[in-house]
Amino acid sequence: MDKLSLLLVIIGAINWGLVGLFQFDLIAFLFGGQAAMVSRVLYTIVGAAGLWSISLLFTGHERREETTHAAADGAGA
């Protein structure tokens, strides 16, 4: 779930970069405008991924440590 959220946040960031630099909304261009239902669903999914990614700020480091410790424990057995 974390990698999917990160991928969606990256897509959203690229889209916002295009909007900021070139006034070009790639999602709206591909799916029929900002008001199109598909575009709105995608915007909502990217927004939800952004909210989910907030948790990565607080748990990302601990998860890596647990994985590293678990791998080290398994290698010695």
Side-chain angles (χ1 to χ4, degrees):
M1 184 71 162
D2 294 344
K3 287 187 179 187
L4 177 61
S5 293
L6 181 59
L7 177 65
L8 291 170
V9 168
I10 291 168
I11 290 169
I14 290 169
N15 193 57
W16 275 110
L18 290 170
V19 170
L21 291 172
F22 305 111
Q23 296 181 351
F24 178 73
D25 186 341
L26 182 62
I27 299 296
F29 176 77
L30 292 176
F31 298 104
Q34 288 182 338
M37 183 59 71
V38 176
S39 295
R40 294 180 61 206
V41 167
L42 287 172
Y43 293 139
T44 302
I45 291 170
V46 169
L51 292 175
W52 177 268
S53 295
I54 292 170
S55 70
L56 299 177
L57 290 172
F58 305 105
T59 60
H61 182 67
E62 290 83 11
R63 287 184 190 165
R64 275 187 250 125
E65 281 184 5
E66 291 171 10
T67 304
T68 304
H69 290 299
D73 292 341

Give me the atom names and distance for the closest heavy-atom approach of [X] to [Y].
X: Arg40; Y: Gln34; result: CG-O, 3.4 Å
X: Asp25; Y: Val19; result: CA-CG2, 3.9 Å
X: Ile27; Y: Ser39; result: O-OG, 3.7 Å
X: Leu6; Y: Ser53; result: N-OG, 4.3 Å

Should [X] and [Y] be counted in the same cluster of Ile, Leu, Val, Met, Phe, Trp and Tyr side chains packed under 4.5 Å apart?
X: Val46; Y: Trp16; result: no
X: Leu56; Y: Val9; result: no
X: Ile11; Y: Tyr43; result: no
X: Ile14; Y: Leu42; result: yes
X: Leu30; Y: Leu21; result: yes

Walk me through it: do Trp52 and Asp2 pass the test side chain to side chain contact (heavy atoms under 4.5 Å, CB included)?
CA-CA 8 Å; Trp52 177 268; Asp2 294 344; 2.9 Å; yes
Short side-chain to backbone donor-acceptor contact, Asn15 and Leu26, under 3.5 Å:
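Here the side-chain-to-backbone pair exists.
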If you count heavy atoms of other groups shown closer than 6.0 angstrom to CZ of Phe29, is the number above 12?
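No - once you tally the heavy atoms of other residues, nucleotides and ligands closer than 6.0 Å, there are 12 at most.
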Passes side chain to side chain contact (heavy atoms under 4.5 Å, CB included), Ile45 versus Leu8? Steps please.
CA-CA 8 Å; Ile45 291 170; Leu8 291 170; 3.7 Å; yes
Determine, stepwise, if the pair Val41 / Met37 fulfils side chain to side chain contact (heavy atoms under 4.5 Å, CB included).
CA-CA 6 Å; Val41 167; Met37 183 59 71; 4.2 Å; yes
